[in-house]
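Inspection log for the structure reproduced underneath, given as structure tokens.
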Amino acid sequence: MTTTVTAAPTRTRRLSGFQPTGRLHLGNLLGALRPLIAAQGAAESIALIADLHAMTVEHHPAAVRAFALEQATVMLAAGVDPQRTPIVLQSQVREHTELHYLLECVATHGEAARMIQFKEKSAAGGQVRLSLLTYPVLMAADILLYDAAQVPVGEDQNQHLELARTLAVRFNTKYGATFTVPEGVRPDSAARIMDLADPSAKMGKSNGSGAGRIGLLDPPEVIRRTIARAATDTVGVVRRDRERQPGVTNLIGILTEITGREPSDRTSYAALKREVNDAVQDLLAPIRARHAELSANPDLVRGVLAAGAEKVRPIAAATVGRARAAIGLLD
Ligand code: ATP
Ligand code: MG
């Protein structure tokens, strides 16, 4: 008896998105970039710099451009291998916006308006861009465009992935099999790095004053000071207790995430901070040095982006082609 393997090839394409809303920080590295780099051998990943998303709130054109280029440079410096993991600038693959529109034709206003990020960001009042309302649909397009079977999602992105799945299923049901329905995966090390000054908030590019954020390109002295000033507590024991000791818990988390090691001294916050500082400095020094080399040659980085777009465009064009035909557009 012979066994024939008929299973469809398992697709393990993974998509990781970064918005050029600011400079990349330690949370982006430990929570997203390192897992992406670690998976490079096993999964076919795409690193997406989502510049269109950065325009859903008030933005400075020059800043979005500069952050996009800097993020691509930092990705290379951190070890993203563009041969295996194309680095793609969203706006350079026009299929993102084309699929966005087609998906808007199966999404409802209610679905978009329910999105937590829209509610939060629009609650502040003032002028709310229409693109802020529809951006989860653009994100659904980002995901569905590349037939990604797995999308690494942090908790803050669950709702967006659910929308992508809902729209994919709805489109497939109404108009015929078109999209791969993506599955959300927690990156192996689902590190969630909190703000060092306010450990109740996650470290973010655009939140807070910046006092609790460790930028990947920050000078050593700035990093040392940020860690030295990190919020702790009056308990006086180095242990994990997210409720009562969120700052200390975050520092321990950063240390173990980087070194795989537990703190050596259980009594001194100063010693913990020194250990964390040593680990962070060792981690970031080579990235900073490589970034300095690469940023002397912006054309090289632009070339990487152009090559990334070229590499993924056929996949994107095929998906949009299927969607156009299914939904009723002429060739
Ligand atoms: P913004 O404040 O503009 O939303 P951000 O810092 O949240 O910026 P994103 O571009 O939204 O960064 O996310 C890029 C990737 O980094 C995502 O995979 C996201 O889950 C991850 N990420 C962001 N912040 C953290 C954090 N503090 N800890 C771990 N992972 C994070
Ligand atoms: Mg974010």
Check: F67 ring centre within less than 6.0 Å of H59 ring centre: no
Could [X] and [Y] be called an ion pair, given the rule that one side-chain N must be under 4.0 Å from one carboxylate O?
X    : Y    : value
R324 : E95  : no
R322 : D147 : yes
R165 : E162 : yes
R14  : E183 : no

For [X] and [Y], does a side-chain donor sit closer than 3.5 Å to a side-chain acceptor?
X    : Y    : answer
R13  : Q150 : no
D142 : H53  : yes
R240 : T256 : yes

Stepwise ring-ring contact (aromatic ring centres under 6.0 Å, His included) check, H96 with Y101: CA-CA 9 Å; H96 283 269; Y101 182 74; over 10 Å; no
Can you tell me how far [atom2] of [Y] sits from [atom1] of [X], rounded to the nearest 0.5 angstrom?
X    : Y    : atom1 : atom2 : result
L217 : R288 : CG    : CZ    : 8.0 Å
L102 : L167 : CG    : CG    : 12.0 Å
M139 : T134 : CE    : OG1   : 12.0 Å
I49  : L305 : CD1   : CG    : 5.5 Å
D51  : F18  : CG    : CZ    : 14.0 Å
I227 : E275 : CD1   : CD    : 12.0 Å

For [Y], is there any backbone N or O sitting under 3.5 Å from a side-chain donor or acceptor partner on [X]?
X    : Y    : value
N172 : V169 : no
S268 : A270 : yes
T178 : G176 : yes
K311 : Q83  : yes
R213 : L26  : no
Q245 : V237 : yes
R170 : V106 : yes
Y269 : G236 : yes
K202 : R192 : no

Sub-4.5 Å side-chain heavy-atom contact between [X] and [Y]:
X    : Y    : result
H100 : E104 : yes
L133 : V128 : no
L284 : I214 : yes
I193 : H25  : no
L145 : I315 : no
S45  : L15  : no
V80  : Q40  : yes
I46  : T85  : no

Joint cluster assignment, [X] & [Y], ILVMFWY side-chain distance < 4.5 Å:
X    : Y    : result
L29  : L24  : yes
V64  : V88  : no
V222 : L251 : no
F118 : L138 : no

Sequence-distant partners of Y175, ring pair (Phe, Tyr, Trp, His ring centres under 6.0 Å), two or more places apart: F171
